[in-house]
Amino acid sequence: MNIRLRLHHLAIAAGLVVSSTLLPAQAQTAPVKVGLVLSLTGPFASTGKQIESGARLYLAQHGDVAAGRKIEFVIKDDGGVPDQAKRMAQEMVVNDKVDVLGGFVLTPLALAVAPIATQGKTPAIVMSAGTSSVIDASPYFVRVSFTLPQNSVGVAEWAPKNGIKNVVTLVSDYGPGIDAEVSFKKRFEARGGVVKEAIRVPVRNPDFSPFLQKVRDEKPDAVFVFLPAGVGTQFMKQFAARGLDKAGIRLIGTGDVTEDDILNDMGDVAMGVVTSHHYSAAHPSPENQAFVEAFKKANGGKRPNYMAVAGYDGMRVLVHALKATQGKGGEALLNAMKGQSFDSPRGPVEIDAQTRDIVQNVYIRRVERKDGELYNVEFDVMKAVRDPGRGN
Ligand code: VNL
């Protein structure tokens with residue numbers, strides 16, 4: 001072998017030795033795995049799909065590499081069943097070795113995953129589950145969605161100033177519904193209103209007719225409603241079929257009932273419905289207009305709702321945290337998620353560094369027709385609302 005070739009071989013050998021000593025550094029350039037636990041089948045599938053599309057859109061627009069690490073999704077369908085959500089999160093942490101968990105369409109799903117995040121010391125981004133207490137279920141939870149008390153107090157303030165003196169409340173009978181009922185009543189009665197009756201309806205496949213008949217018999221000025229995303233169309237049909245609109249009973253609620261994914265299918269019965277909420281596809285900011293346009297383009301013309309925004313902002317929080325930690329995960333990543341503030345398509349938001357919960361504007365909106373389509377048109381705002389449910 002001539003001397004040149006020998007040197008060449010030596011150089012290769014030396015190169016191998018050098019690169020193997022660099023292995024720990026290489027581990028940080030390994031992909032960041034994001035385990036999304038989502039309901040993609042069953043009655044809450046529309047929410048899972050909105051979150052997934054929102055998360056994908058953020059990376060499509062801003063690039064899927066942060067601090068030199070490629071961001072990859074591991075996505076599993078929990079079918080809306082807490083035991084499945086827990087098992088899937090466990091598999092993701094133990095087998096797939098995900099760096100971050102996220103998703104959780106329903107409160108009971110987030111609660112089921114909480115111990116897995118805590119035991120695995122895995123930061124977990126809550127993108128839907130809106131019961132106040134969810135954030136306390138794991139110190140590794142960071143919430144980018146909303147809380148029901150946040151979204152209930154806006155319309156509780158608005159109603160008594162607008163001729164609504166007494167209401168019947170009608171909510172889904174589980175965490176977020178009870179939060180909505182309690183926080184609405186507290187604020188509404190503090191402003192001189194009266195809650196005549198509090199009705200709770202089953203979460204799954206509710207038949208609203210008997211409950212709506214009860215509302216009709218009470219003859220309140222309005223009915224205040226919380227129902228999770230995806231259920232509103234069914235409710236609106238029965239509201240009209242029972243003649244509540246004709247009987248002069250107004251409909252108010254949190255924006256979950258007139259969510260953008262299904263609002264257009266509701267027809268005239270939705271016109272004039274007043275809700276308070278943190279997001280409307282009609283929010284008139286350049287960020288939101290660009291977001292809505294890009295979302296529609298990537299999803300066959302479908303409108304984003306508040307769940308898509310949470311998926312989108314969840315990735316924003318992750319990407320910026322990764323940049324801040326130079327790609328480190330675990331506790332460092334969690335700490336870098338806390339305290340972020342930025343302009344979301346919904347408006348200015350902050351992840352409170354102490355509570356890990358979202359602080360955001362709550363808008364008062366009325367359903368109106370614009371260019372032939374129904375929208376929640378914002379006409380008032382409560383700024384930078386912290387979750388009023390804590391300590392309730
Ligand atoms: C929850 C809250 C789910 C609000 C929702 O839609 C919603 C929850 C699926 O905490 O379970 O709009």
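Order of listing sets the numbers, starting from 1, for every ligand and every atom in it. Computed over heavy atoms, backbone and side chain alike; hydrogens, waters and symmetry mates excluded.
- By the 4.5 Å heavy-atom criterion applied to side chains, Val377 and Arg365 are not counted as neighbours.
- Interface of Val105 with ligand 1, defined as ligand atoms under 4.0 Å from a residue heavy atom, comprises 3 (C), 9 (C), 11 (O).
- Residues Val215 and Pro220 form a side-chain contact, since some pair of their non-hydrogen atoms from C-beta on lies under 4.5 Å apart.
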- request: Quick one: do Asp78 and Ser39 satisfy side-chain hydrogen bond (donor to acceptor under 3.5 Å, both in side chains)? Show the steps, please.
  value: CA-CA 5 Å; Asp78 61 31; Ser39 311; 2.8 Å; yes
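- Residue Phe226 has at least one heavy-atom neighbour below 4.0 Å for each of these atoms of ligand 1: 2 (C), 4 (C).
- With a 4.0 Å heavy-atom cut-off, ligand 1 is reached by the side chain of Tyr306 but not by its N, CA, C or O.
- Of all protein heavy atoms, the one closest to atom 4 (C) of ligand 1 is Asp256 OD2, 3.3 Å.
- In this structure, Lys70 contributes its side chain and Ala30 its backbone to no donor-acceptor pair below 3.5 Å.
- Residue-level proximity to ligand 1 for Pro228 is carried by backbone and side chain together, each with a heavy atom below 4.0 angstrom.
- The distance criterion of under 3.5 Å between nitrogen or oxygen atoms is not met by Ser128 with respect to ligand 1.
- Taking every non-hydrogen atom of Phe146 and a distance limit under 4.0 Å, the qualifying atoms of ligand 1 come out as 2 (C), 4 (C).
- The aromatic rings of Phe224 and Phe184 sit parallel, their planes meeting at an angle under 30°, below the 60° perpendicular limit.
- Within the structure, ligand 1 lacks Gly175 among the residues with a heavy atom less than 4.0 angstrom away.
- Both the backbone and the side chain of Leu106 come within 4.0 Å of ligand 1, judged by heavy-atom distances.
- Contacts between Thr47 and ligand 1 below 4.0 angstrom, taking non-hydrogen atoms only, involve the side chain exclusively.
- Using a non-hydrogen distance threshold of 4.0 Å, Met307 registers as a contact of ligand 1.
- Residue-to-ligand polar distances place Gly130 within reach of ligand 1: an N/O pair is separated by less than 3.5 Å.
- Between Val362 and Phe146 the shortest side-chain heavy-atom distance does not fall below 4.5 Å.
- Side-chain contact between Met236 and Val273 is present, with at least one heavy-atom pair separated by less than 4.5 Å.
- In this structure, Arg303 is positioned above the aromatic face of Tyr375, its NZ or CZ under 6.0 Å from the six-membered ring centre and within 45° of the axis.
- In this structure, Phe226 and Tyr174 have tilted ring planes: the angle between them lies in the 30° to 60° band.
- Among Glu331, Gln119, Arg356, the one residue that satisfies the side-chain hydrogen bond (donor to acceptor under 3.5 Å, both in side chains) test with Tyr140 is Glu331.
- Annotation: Ala229 places an N or O atom under 3.5 Å from an N or O atom of ligand 1; distance criterion only.
- Nearest to atom 1 (C) of ligand 1 among the protein's heavy atoms is Tyr174 OH, 3.5 Å.
- When only non-hydrogen protein atoms are considered, atom 10 (O) of ligand 1 lies nearest to Thr107 OG1, 2.6 Å.
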